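Everything numeric in this text was worked out from a predicted model, so none of it was measured. Both ligands and their constituent atoms are indexed starting at 1 by order of listing.
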Amino acid sequence: MKILLTGGAGYIGSHTAIELLKQGNEIVIIDDFSNSSSKALDAIKKITGKDFKFYEMDYKDREKLEKVFEENKIDAVINFAGFKAVGESVKKPLNYYINNVSGALVLLDTMKKYNCKKFVFSSSATVYGNPEKVPLTEECRVGGTSNPYGRTKLMIEYILKDIYTSDDSWDICILRYFNPVGNHESGLIGEEPRGIPNNLMPYIVRVASGKLEQLSIFGNDYNTHDGTGVRDYIHVVDLAKGHVKAIEKLEKEGKGLYIYNLGTGIGYSVLDIVNAFEKSTGQKINYKITERRPGDIAECYADSKKAKEELNWIAEKNLEDMCRDSWTYIKNQKQE
Ligand code: UFG
């Protein structure tokens, strides 16, 4: 299969590129480096020993996108080119709607023009809003998303459903990610959020490296086992492998619109993560308990049975792997 990865130099895109190449697929990457760098492309080549075509471009640029489809016989597309910072989306909603929603529309319309109808979409557990129950199954109610970022994910899910209803020759797989953490074990490739990170693990590793002074734990009065928020953290390499399975399903079976949760099915609290990080890396994390962060929910974790049964996929890495591999990359950066 020849697979186009939009945003393929980003955190999840680059890890998926590695797994796709390892399985013998051909890939084409487009990225405008708005939240990534060319270092990731070098790392993909170094880790896999394989080469691929790359276009530096905005995926919303229809003319350039058409050229990519003209020059390559693309069998399937995985769309990683979304903006993903929740807080930023509240401040700049138009940027999010334009990049995530308009971008997806340009991409899908171009795919249609070139009769490329296999599409994997990076969605998020955020579409469940305030979970009606945990663990969350794919049938749980969606909606009530508390920010523009989350709403772009949900809107694109609806758009994909409408496209499939109108033309069932599309093969679509929507992957709802829980909380991706960790990096490739080589330490060559990793997550590099711009500015001060919003997410827990990127923040923790920067406290460990001395770049940030102290972690604020947002609330310890939730109805959870230790009062801090509970999430389903998933190693990015496991997540990447989920995409390979999704592509395989669309290639072999196709004919459908599928939705899968990609999570481990285990919920860990903020304090569980801090403790596991300290234990597996030997680094002390200085923290204080502060107010709850507006919009946060108490707990969110997946029922991952459907992905196991239908994609033959399960998350294999544990919390220790996630903490260690999150730290290795940052440690390497420090030494550079
Ligand atoms: N947290 C802290 N301190 C921090 C950062 C986070 O205590 O500095 C806590 C949060 O309150 C929450 C947990 O750590 O309990 C995880 O927070 P993250 O910001 O890492 O992740 P979220 O679960 O809030 O959101 C993430 C992604 C979203 C995605 C969502 C899906 O950022 O893009 O998971 O459930 F939509």
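Under 4.0 angstrom from ligand 1, the non-hydrogen atoms of D296 all belong to its side chain. With a 4.0 Å cut-off on non-hydrogen atoms, S216 touches ligand 1 through its backbone and not its side chain. The part of N179 lying near ligand 1 is the side chain, judged by heavy-atom distances below 4.0 Å.
For atom 27 (C) of ligand 1, the closest non-hydrogen atom of the protein is N199 ND2, 3.8 Å. The protein non-hydrogen atom at the shortest distance from atom 16 (C) of ligand 1 is Y233 OH, 3.4 Å. Here the protein heavy atom with the shortest distance to atom 17 (O) of ligand 1 is R293 NH2, 3.4 Å. Scanning the protein heavy atoms around atom 30 (C) of ligand 1, the nearest turns out to be S124 OG, 4.1 Å. Protein heavy atom nearest atom 7 (O) of ligand 1, with residue, atom name and distance: F218 N, 2.9 Å. The protein non-hydrogen atom at the shortest distance from atom 12 (C) of ligand 1 is R231 NH2, 3.7 Å. Ranking protein heavy atoms by distance to atom 14 (O) of ligand 1, first place goes to V270 CG2, 3.5 Å. For atom 20 (O) of ligand 1, the nearest non-hydrogen atom of the protein is L200 N, 2.8 Å.
Cation-pi geometry between K113 and F69 is not met at under 6.0 angstrom from the ring centre and within 45 degrees of the axis. Note that R231 lies outside the cation-pi zone of Y301, set by a 6.0 Å cut-off to the ring centre and a 45° limit from the axis. A cation-pi contact, defined as under 6.0 Å to the ring centre and within 45° of the axis, is absent between K84 and Y149.
In summary, the aromatic rings of F80 and H243 are positioned with their centroids under 6.0 Å apart. Ring centers of F54 and F33: under 6.0 Å apart, within the cut-off.
Ring pair F121/F119 is parallel by interplanar angle, where below 30° counts as parallel and above 60° as perpendicular.
Here the options are V28, I30, L20, the test is side-chain contact (heavy atoms from CB on, under 4.5 Å), and the partner is L5; only L20 passes. No option in K118, K117, K252 other than K118 meets the salt bridge (charged side-chain N to carboxylate O under 4.0 Å, His left out) test with D171. Among V270, N220, D221, the single residue meeting the side-chain contact (heavy atoms from CB on, under 4.5 Å) criterion with I289 is N220.
In the vicinity of I217, heavy-atom distances shorter than 4.0 Å reach the ligand 1 atoms 7 (O). Those atoms of ligand 1 with a heavy atom of N198 less than 4.0 angstrom away are 5 (C), 19 (O).
Under a 4.0 Å heavy-atom criterion, G150 is not in contact with ligand 1. Residue contact check for ligand 1: Y149 places a non-hydrogen atom closer than 4.0 Å to it. Ligand 1 does not have Y287 within reach: every non-hydrogen atom of the residue lies 4.0 Å or more from it.
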Subject >> Trace of the salt bridge (Lys or Arg N to Asp or Glu O under 4.0 Å) decision for K67 with E71 >> reply: CA-CA 6 Å; K67 200 159 166 264; E71 290 178 3; 3.2 Å; yes
